[in-house]
Amino acid sequence: MNNIDIKSTNPVGGKSKNFIYEIIDEDLKTNKWGGNVHTRFPPEPNGYLHIGHAKSICLNYGIARDYNGKFNLRFDDTNPEKEEQEYVDSIIEDVKWLGGDFEDRILYGSDYFEQMYLWAVDLIKKGKAYVCDLNADEIRQSRGTLTEPGKESPYRNRTIEENLELFERMHKGEFPNGSKTLRAKIDMSSPNINLRDPIMYRIVHEEHHRQGNDWCIYPTYDWAHGNEDSIEGITHSICTLEFENHRPLYDWFLDQLGVHHPQQIEFARLNLSYTVMSKRRLLQLVKEGFVDGWDDPRMPTISGYRRRGYTPESIRNFAEIIGVAKRDALTDIALLEYAIRDDLNKRANRVMAVLKPLKVVITNYDSEEELEAVNNPEDPDAGTRKIPFSRELFIEQSDFMENPPKGFYRLVPGGEVRLRYAYIIKCEEVIKNDNGDVIELRCTYDPETKSGAGSSNKKVKGVIHWVSAKNCFDAEVRLYDRLFTVENPGADEDWLGKLNPNSLEVISNAKLEPSLKNSKPLDKFQFERMGYFCVDFKYTTNEKLVFNRTVTLKDSWKK
RNA sequence: UGCCCCGUGGUGUAAUUGGCAACACGUCUGACUCUGGAUCAGGAGUUCAAGGUUCGAGUCCUUGCGGGGCAGCCA
């Protein structure tokens, strides 16, 4: 795939590396893995990927890229009750879109079920695993607590032959769900609870999205995950902090088996302010209809950001900016917004669109003309375009104030502003309806102030955007605000109560300049002075364009 | 109150491994500007605490305090 960013983002040889790069540098120096670097991204297909996964993908793929290693996409599909093909498909699409290059290696943990079964038999033969008849409740009770050791299962000392036979019968489907498990025989009094004879296999008579009905016993994550990494020859198994306590268990399994033993390294998962980041909660938002699907532009999912107008570059850059460490953090959403503004500023063409229109009549203008506008001041190659100007215009309601506070330098009664790329106009008369609402402005223009003409020295502080009433067209524009009203909703037991009721505002009759007419889904623009917008691919039709506001422009005007 | 991990500006990370605490975002000020954008210049703001080792500690040691994780046949 592309490697355009290698130079700019490659920290190898640079001065600032995260602690994982330090470890890999050291491994390379000691030739621990024969010079190889092989990472992977191992999602469970039980939901859509979110921005936290993006951090992990960028980390893992970035390492493979920077060290000329390999990067696998592997589905950790060991639980048929929660996994679906839809999720597999979305994950592949999202990883590709982000730029994680797994080449042809789309792998599945479930493809290793046979090997894992053989290894389990191996452990039984070594006297390191046994079939246990305790039910879930009994196992929980005999596990002990954080401060008390557990009790050994009465089935712990079955003979190897008996265990082999029982495990084989589990495999054949002779026992009902939950009636038996295969457990590792480690230490019921270990201070690390993960080592208290953890379960390796459970009986689940359920169709697997990939393996069909071939299996009715499924490996637990603890048993499967390290094995999958080992089978694929992964050198550095990078995962999040909560698996730190499990590392001794993975080490134990791999050492008992005597197979390739990757090094696990844990880092802190991403938390973003004003949103939630657990698949369980995101699933609930989707299932209970609080949002419009996994790709709702308010969702912190990769598909949500894509639909909202984020670029893969901006998300990759965000991952660089936030770095990688081991301490829990709550990242300010402003860092993400900076990343997308920074990217779109350079690449999005400028256009004019009036979201909440206020009619303006230029009483001393009676003609029509086309004015030249710059498409992108940051990019000379973007060229220019013509925009129609006429007697009747729309401007933004918020660009006129009858009783302005000090510091307001847009249009006021008797005041002047420049119409972007056009003329300076003066507000002569304010027309109101019976309710006292301003419904129209009567203005005059100064023909000497035509943009680019240079025939007037008149200076005004304010410049506002506008569209020609007879040439513009209507479109729907969706404005998004943060999904939650509190900084860290995930920490709140009543997190659903913290949903922002105003996170979506739909404007059905925004007025857009005619050049926008032929926009295609996912096209990105800056609506001058309003923000960056992207054509929605879900609700846009041949008859109606729908725009999503990706992010506002920075606004330094206070109050 | 068992085990494990982590404490650096408001936020996220750095600190050549013991040598003047820096970068980005945010924030504030100014310049420029036909986007109150961008750009440019500048400012404010940081090592959880106490001991110890050392000429010298964000870094090493001890203790304390604070935060997080673990008692699914989830991952």
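- Within the 4.0 angstrom heavy-atom criterion, only backbone atoms of the sugar-phosphate kind lie near A:Glu244; the bases stay farther away.
- Base contact: A:Phe408 has a heavy atom under 4.0 Å from a base atom.
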Scoring nucleotides 69-75 of chain B by protein non-hydrogen atoms under 4.0 Å (B base, S sugar-phosphate only, - none) yields BBBSBSB

N/O contacts under 3.5 Å, protein versus nucleotides 44-46 of chain B?
none

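- Side-chain contact check for A:Glu487 and A:Ser273: no donor-acceptor pair (N or O, by modelled atom type) lies under 3.5 Å.
- Residues A:Gln526 and A:Glu528 have side chains that never bring a donor and an acceptor to within less than 3.5 angstrom of each other.
- Checked against side chain to side chain contact (heavy atoms under 4.5 Å, CB included), A:Ser56 has the following partners two or more places apart in sequence or in another chain: A:Phe41, A:Asn60, A:Phe267.
- A gap of 25 Å separates the C1' atoms of B:rC40 and B:rG10, to the nearest Å.
- A cation-pi geometry, defined here as NZ or CZ lying under 6.0 Å from the six-membered ring centre and within 45° of its normal, holds between A:Arg410 and A:Trp557.
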At under 4.0 Å between heavy atoms, how does the protein contact nucleotides 25-31 of chain B? Give one character per nucleotide, 5' to 3', with B, S or -.
SS-S---

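- Contact check on A:Glu242 versus A:Arg269 returns a salt bridge, with a Lys/Arg side-chain nitrogen under 4.0 Å from an Asp/Glu carboxylate oxygen.
- Between A:Glu396 and A:Lys356 there is no salt bridge, since none of the side-chain N atoms of the basic residue sits less than 4.0 Å from a carboxylate O of the acidic one.
- Comparing the C1' positions of B:rG18 and B:rG58 gives an interatomic distance of 11 Å, to the nearest angstrom.
- With both ends at atom P, the span from B:rA31 to B:rA15 equals 38 Å, rounded to whole Å.
- The side chain of A:Arg327 sits closest to B:rC6 out of B:rU17, B:rC6, B:rG37.
- One P atom belongs to B:rU17, the other to B:rU54, and the distance between them is 22 Å to the nearest Å.
- The listed nucleotides are B:rA14, B:rG36, B:rU13; the one nearest the side chain of A:Asn18 is B:rA14.
- Taking atom C1' on both nucleotides, B:rU11 is separated from B:rG45 by 13 Å, rounded to a whole Å.
- No hydrogens or angles were tested; on distance alone, nothing pairs the side chain of A:Glu378 with the base of B:rU39 as donor and acceptor under 3.5 Å.
- Using modelled atom types, one side-chain atom of A:Tyr201 and one backbone atom of A:Tyr117 make a donor-acceptor pair closer than 3.5 Å.
- Screening A:Asp446, A:Val463, A:Ile425 for a side chain to side chain contact (heavy atoms under 4.5 Å, CB included) with A:Arg418, the sole residue that qualifies is A:Val463.
- Counting non-hydrogen atoms under 4.0 angstrom, A:Arg350 reaches a base of the nucleic acid.
- In RNA chain B, consecutive stretches of 3 or more Watson-Crick or G-U wobble pairs with both distances under 3.5 Å are given as paired ranges: B:2-7 with B:65-70, B:10-13 with B:22-25, B:27-31 with B:39-43, B:48-52 with B:60-64.
- For B:rG67 and B:rG52, the P atoms lie 28 Å apart once the distance is rounded to whole Å.
- Residues that satisfy the salt bridge (Lys or Arg N to Asp or Glu O under 4.0 Å) test with A:Glu174, not counting sequence neighbours, are A:Arg169.
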Would A:Trp223 and A:Phe253 count as a ring-ring contact (aromatic ring centres under 6.0 Å, His included) if you check the C-alpha gap in whole Å, the side-chain angles of each, and the deciding distance to 0.1 Å?
CA-CA 8 Å; A:Trp223 166 240; A:Phe253 279 137; 4.8 Å; yes

